[in-house]
Every structure is written in structure tokens, then in C-alpha cells.
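These notes concern the structure reproduced below.
As the structure is a computational prediction, the values presented were derived from the model and not from experiment. Counting from 1, the numbers follow the sequence of the chain as shown. Atoms within a ligand are numbered from 1 in the order they appear, just like the ligands themselves.
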Amino acid sequence: MPAFNPQTAPSRWALLLVDVQHDFVDGSLAVPGADRLQGPLSQLLSSSHFSQICATRDMHPADHISFASTHAGHEAFEELDVPHPARGSVRQKLWPDHCVAGTRGAELLGVVKQGMQEAEQRGVECVEVHKGTDRQVDSYSGFVTAQDVLFSPLAAALFGAHVTRVLIAGVATDFCVRATVLDACRFGLRPLVVLEACAGVEEAGTQRAVRELSEAGAEVVQSVEEALEKVQRDLQRA
Ligand SMILES: [Zn+2]
């Protein structure tokens with residue numbers, strides 16, 4: 001089988017939504033501004049430009065390593081050195097309990113569920129990828145399940161569908177969106193990030209992340225309209 005090369009193959013776009021889950025929007029770890037994402041996300045999900053839609057979900061056991069409640073005497077938003085099965089020890093930011101498997105907080109927002117169902121009816125392949133499922137390791141990127149150690153099924157799903165580029169949106173810009181975009185750059189998927197459909201935890205960290213993503217080769221645009229025009233132009237050129 002010849003190798004698939006996203007740099008030279010005909011253009012095919014996937015929409016990649018990062019962690020659009022209740023806990024990050026209106027739950028235990030609500031990201032400021034995430035409540036204004038429904039309109040932009042719905043606009044993206046109803047676009048006919050995407051061959052595939054992927055949604056990542058943070059999906060933790062109740063005693064996950066990233067929860068402050070797992071570490072007696074420590075508070076949310078502190079950083080702590082924690083043991084890592086493959087690396088000895090890693091620096092982990094602690095969070096309030098969030099996205100525990102089986103809870104409402106771990107569910108995708110209704111707008112995403114519905115948008116994916118409707119897209120599936122139009123014949124678009126929809127893929128859900130879970131991360132953070134192992135209690136011992138955290139993962140911000142949708143491409144990996146255990147820091148840089150294990151891959152999630154995301155890259156295989158994208159390359160299996162001959163996707164060459166990804167439009168990325170979701171939460172949080174300065175954590176899971178950032179890590180997912182950086183990995184998409186490494187995989188040669190030339191990500192396009194649309195800020196109107198993203199929200200960040202901290203203002204300064206978010207601005208820093210946006211600069212970092214541009215420097216890593218991601219294209220960053222403000223509005224969904226501008227992003228969809230870019231996708232359309234790219235598809236027409238193909
Ligand atoms: Zn998490």
C-alpha cells in the first residue's frame with residue numbers, strides 16, 4: 001500500500017472539535033466565554049466542506065491523577081510533580097474534578113451531538129475520540145492518550161479517511177486546543193484554528209498560545225465565516 005502523504009494528496013478537510021463538553025462550558029471547569037460557542041460551532045457543523053468530523057472528549061475515572069481531590073493537601077490550579085508510568089515523574093497542573101466518565105459533565109454539548117447526527121445523515125463520517133481514560137496519566141492533545149507515550153485513534157481515523165487538513169475549534173485554547181493543534185502540525189495536517197469557536201482558561205496564556213500556534217505553522221483566523229471561506233478556496237483549488 002503506498003504511504004498516504006497529506007502534503008501532496010488532494011485536499012480533504014476534517015472538522016476537529018476539542019472537548020466541547022458540559023464541564024468545560026457550564027460545569028465544574030467552565031471556561032470563560034465557552035457559553036458563546038454554540039452559534040459558531042453550529043455554523044461549522046452544518047457546513048458541507050468537511051469529509052469527516054472528529055470530536056475529542058476528556059473522559060476521566062473518578063480518581064484521576066489530574067484532579068486536585070486525588071492529592072490530599074493540594075488545591076486546584078496548583079502544579080505538582082506526579083509519578084508517570086513511562087517517564088518517572090511529570091509536572092501536572094491540578095484541576096477541579098471534571099469530565100468523569102458516565103456523568104453529564106463528560107457529555108458533549110447538545111449542539112455538537114445534534115450537529116454530528118445531522119452530518120452523519122448527510123453521509124459525513126463522525127468519530128469520537130476519548131482521552132485521559134487511564135487514571136495514571138493526563139492528556140491534553142486529542143492525538144495522544146498518555147502525554148507523548150501512546151497514540152489515540154485520532155490520527156489513524158484522519159489518515160484512514162485521507163484527510164489532508166483540519167479545522168480545529170473547542171476548549172480550552174491554552175490547554176487541549178493548543179496541544180491538539182501542535183500535534184496536528186507535527187502530523188503535517190496544516191491546521192486552521194478559528195478563534196470565534198474557541199475559548200481559553202486564562203487571557204494571557206491564551207494570547208501566548210495563539211502566538212505559539214502561528215509560529216508552529218498553524219493558520220489562525222478570527223471568524224467562522226473567514227475560516228469556511230478559506231476551506232472552500234482550498235477545496236476549489238484541489
Ligand atoms: Zn481532563
Side-chain angles (χ1 to χ4, degrees), residues 16-35 37 41 54-87 89-110 112-113 127-155 168-184 193 197-203 205-206 208-209 212-213:
L16 172 48
L17 299 180
V18 178
D19 296 5
V20 186
Q21 294 165 272
H22 277 290
D23 269 344
F24 295 131
V25 176
D26 55 11
S28 64
L29 189 40
V31 174
D35 52 349
L37 298 184
L41 289 172
C54 300
T56 68
R57 280 171 80 186
D58 223 14
M59 188 72 76
H60 298 312
D63 58 349
H64 192 248
I65 193 86
S66 74
F67 295 172
S69 63
T70 302
H71 308 275
H74 292 279
E75 302 280 334
F77 308 105
E78 265 181 46
E79 287 192 2
L80 184 66
D81 289 320
V82 299
H84 186 282
R87 294 181 160 183
S89 148
V90 293
R91 196 85 181 144
Q92 173 73 49
K93 192 177 178 83
L94 301 181
W95 301 102
D97 291 15
H98 63 278
C99 300
V100 173
T103 64
R104 174 184 181 270
E107 293 286 317
L108 291 172
L109 234 54
V112 175
K113 279 193 209 170
V127 179
E128 219 181 89
V129 174
H130 298 174
K131 61 191 180 64
T133 54
D134 181 336
R135 73 159 296 280
Q136 299 183 82
V137 276
D138 201 14
S139 171
Y140 292 154
S141 167
F143 286 92
V144 293
T145 53
Q147 300 226 352
D148 298 343
V149 182
L150 289 173
F151 289 110
S152 80
L154 180 57
I168 301 181
V171 289
T173 319
D174 39 350
F175 290 93
C176 294
V177 170
R178 170 186 172 274
T180 303
V181 172
L182 290 175
D183 276 345
V193 184
C198 293
V201 176
E202 295 154 347
E203 181 63 33
T206 298
R208 210 166 39 237
E212 188 186 0
L213 298 181

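In this structure F175 satisfies the ring pair (Phe, Tyr, Trp, His ring centres under 6.0 Å) test together with W95, Y140, sequence neighbours excluded. Legend: residues meeting side chain to side chain donor-acceptor pair (under 3.5 Å) with D35, ordered by chain and number and at least two apart, are absent. For Q136, there are no side chain to side chain donor-acceptor pair (under 3.5 Å) partners, not counting sequence neighbours.
The shortest distance between side-chain heavy atoms of L213 and L182 falls below 4.5 Å.
Panel detail: the Zn ion (ligand 1) has protein N, O or S atoms under 2.8 Å away, 3 in number.
When the options E212, E203, E202 are evaluated for a side chain to side chain contact (heavy atoms under 4.5 Å, CB included) with D174, the one that passes is E202.
In summary, D19 and R57 do not engage in a salt bridge, as defined by a charged side-chain N under 4.0 Å from a carboxylate O.
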